[in-house]
Amino acid sequence: MSSAWNWYIGIIAVANILACVWLIRWTAKKRPGEGAAHETTGHEWDGLTELNNPMPRWWLWLFYITIVFGLIYLVLYPSFGSYPGLLGWSQYSAWEEEVEATEERVAPLFAEYAQIPVAELAENDEAMQTGRRLFGNNCAVCHGADGGGRPGFPDLTNNKWNWGGDPEQLHASILNGRSGVMPALGGALGEQGVTEVSAYVFSLTGRDAPDDLVRRGRQRFEQQCVACHGADASGNTALGAPNLNTPENWIYGTSLEAIRTTIRDGRHGVMPGQEEFLGEDRVHLLTAYVYSLSEEARAREVNGASDD
Ligand code: HEC
Ligand code: HEC
């Protein structure tokens, strides 16, 4: 809040208290002397006269107490400009205390889950419900509520991984973060080179591209790309270089234009490490949750493999 607002609210609070004091003094002045006859207000209906009696004492006392309470509150709590109040209370400190109390309550649960191996924990419904909440709060902004990803952010449900899908690799991705660097190769390749190698990458996904472009593109690929993406273009999890044969795991789109842009200008995807935000135990639970997200895709692959 700006300090102008603070002053505005503070001044209104004090003005209210002063108005209360004035109101009491005003009613007290009207108090008739001892033993005086009941004064009337001059209003009368059907024989009922409205008397102008003094305020009952209990009511006055309530008024005084309210004023004193207001004054004490103003001194103890932040009320003016940057004045912090004698108690040092703030919304932030109140929030922090709440967080600490919650942490004390839930930490043992996370510590317990941390003892269970990832694949086993992924089968525990209760743990996965907690995992879904953690994912919703910490990961969904980028990866989507269902983990399905969106342009620039990988799909976590298809069991296709740039950095590997073993529990250890997933854990490392989440705990320490990842930084994928695809260098800008437009300068080295030239526009014609970009066109050729893009046609080759396009053809890797099973789509048609002009044969001569694909042939020359493959040659360029062998010179410029295999160091990271591998001779068969199947990627390298140590570098986070994607498998270029499986467009499901691509982050930046599968259109020819997206491929050209990637190769010409490069890409740099950053997954923020969660160690300092969430700590080891929560990351362990999230690893199991992410592992569980691709359960269906994994089962399909196992079935598909046994069908062959
Ligand atoms: C120094 C290693 C390196 C080299 C050389 C390299 N790449 Fe990459 N490439 C990567 C990495 C790492 C990524 C992932 C970038 C990210 O995650 O942001 C990537 C991403 C891509 C993507 C994007 C896939 C997606 O997710 O949408 C394409 C396409 C691609 N590379 C093609 C190529 C081609 C073609 C060449 C050669 C002309 C090449 N790369 C050379 C490391 C490399
Ligand atoms: C600020 C956005 C952002 C947030 C928040 C985020 N991620 Fe990511 N994440 C990314 C990006 C971008 C990548 C791809 C990095 C790269 O280019 O290789 C990624 C990659 C990953 C990977 C590796 C995928 C692979 O193909 O190997 C995993 C696993 C992952 N994230 C899990 C999580 C989990 C779990 C959370 C919540 C704790 C989370 N992410 C939060 C942006 C984010």
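Every number for a ligand or one of its atoms is a count from 1 in the order of the listing.
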Within ligand 2, which atoms have a heavy atom of [X] less than 4.0 Å away?
X	answer
Gly152	12 (C)
Leu286	38 (C)
Pro154	11 (C), 13 (C), 14 (C), 19 (C), 20 (C)
Val290	35 (C)

Taking [atom] as the reference point, the nearest protein heavy atom with its distance:
atom	result
atom 24 (C) of ligand 2	Trp161 CE3, 3.8 Å
atom 25 (C) of ligand 2	Asn162 N, 3.4 Å
atom 11 (C) of ligand 2	Val270 O, 3.6 Å
atom 27 (O) of ligand 2	Trp163 N, 2.9 Å
atom 26 (O) of ligand 1	Ile251 N, 2.6 Å
atom 28 (C) of ligand 2	Leu156 CD2, 3.8 Å
atom 21 (C) of ligand 2	Met271 SD, 3.6 Å
atom 42 (C) of ligand 1	Val181 O, 3.6 Å
atom 22 (C) of ligand 1	Thr262 CG2, 3.4 Å
atom 29 (C) of ligand 1	Leu244 CD2, 3.9 Å
atom 18 (O) of ligand 1	Tyr252 OH, 2.5 Å
atom 3 (C) of ligand 1	Cys228 SG, 2.6 Å

Backbone, side chain, both or neither: what part of [X] comes under 4.0 angstrom of ligand 2, heavy atoms only?
X	value
Cys139	both
Pro272	side chain
Arg178	neither
Phe153	side chain

Between Leu76 and Trp89, does the side chain to side chain contact (heavy atoms under 4.5 Å, CB included) criterion hold? Intermediate values first, please.
CA-CA 8 Å; Leu76 291 184; Trp89 184 91; over 6 Å; no
Inspect the surroundings of [atom1] in [X] and state if more than 12 heavy atoms from other residues, nucleotides or ligands are less than 6.0 Å away.
X	atom1	result
Asp211	CG	no
Glu104	CD	no
Glu296	CD	no

Minimum side-chain heavy-atom gap [X]-[Y] below 4.5 Å:
X	Y	value
Glu126	Tyr113	yes
Arg282	Phe110	yes
Val283	Glu275	no

Just let me know how Ala227 lines up against ligand 1, side chain, backbone, both or neither, with a heavy-atom cut-off below 4.0 Å.
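The answer is neither; Ala227 stays 4.0 Å or more away.
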Ignoring angles and geometry beyond distance, decide whether Cys225 reaches within less than 3.5 Å of ligand 1 through its nitrogen or oxygen atoms.
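No.
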Going by the order shown, which atoms of ligand 1 are within less than 4.0 Å of some heavy atom of [X]?
X	result
Val201	35 (C)
Ile263	35 (C)
Leu239	12 (C)

Any N, O or S atom of Met182 closer than 2.8 Å to atom 8 (Fe) of ligand 1:
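Of the N, O and S atoms in Met182, at least one lies under 2.8 Å from atom 8 (Fe) of ligand 1, which means yes.
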Just go through [options] and tell me whose heavy atom is the nearest to [atom].
atom	options	answer
atom 16 (C) of ligand 2	Cys142, Ser173, Gly269	Gly269
atom 5 (C) of ligand 1	Arg264, His268, Gln224	Gln224
atom 13 (C) of ligand 1	Gly217, Gly180, Pro242	Pro242

Measure from atom 8 (Fe) of ligand 1 to every N/O/S atom of His229 and report the name of the nearest one.
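In His229, the heteroatom (N, O or S) nearest atom 8 (Fe) of ligand 1 is NE2.
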Give a yes/no verdict on a cation-pi contact between Arg298 and Tyr291, requiring under 6.0 Å between NZ or CZ and the six-membered ring centre and an angle within 45° of the axis.
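Yes, Arg298 sits over the ring of Tyr291.
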Could you check whether Arg218 makes a cation-pi contact with Tyr200, meaning its NZ or CZ is under 6.0 Å from the centre of the six-membered ring and within 45° of the ring axis?
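So Arg218 doesn't make the cation-pi contact.
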Please tell me whether [X] and [Y] have a donor and an acceptor in their side chains that are separated by less than 3.5 angstrom.
X	Y	answer
Asn138	Gln274	no
Asn249	Asn158	no
Gln223	Gln219	no

State whether the shortest distance between N or O atoms of Gln274 and N or O atoms of ligand 2 falls below 3.5 angstrom.
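No, since none of the N or O atoms of Gln274 sits under 3.5 Å from an N or O of ligand 2.
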Specify whether an N/O/S atom of His143 falls short of 2.8 Å from atom 8 (Fe) of ligand 2.
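Yes, since at least one N, O or S atom of His143 sits under 2.8 Å from atom 8 (Fe) of ligand 2.
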Identify the two heavy atoms, one from Asn243 and one from Ala233, that lie closest to each other, and give their separation to 0.1 Å.
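Heavy-atom minimum between the residues: OD1-O, 3.2 Å.
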What are the two closest non-hydrogen atoms of Asp281 and Ala114, and how far apart are they?
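Of all heavy-atom pairs spanning Asp281 and Ala114, the closest is OD1-CB, 3.5 Å.
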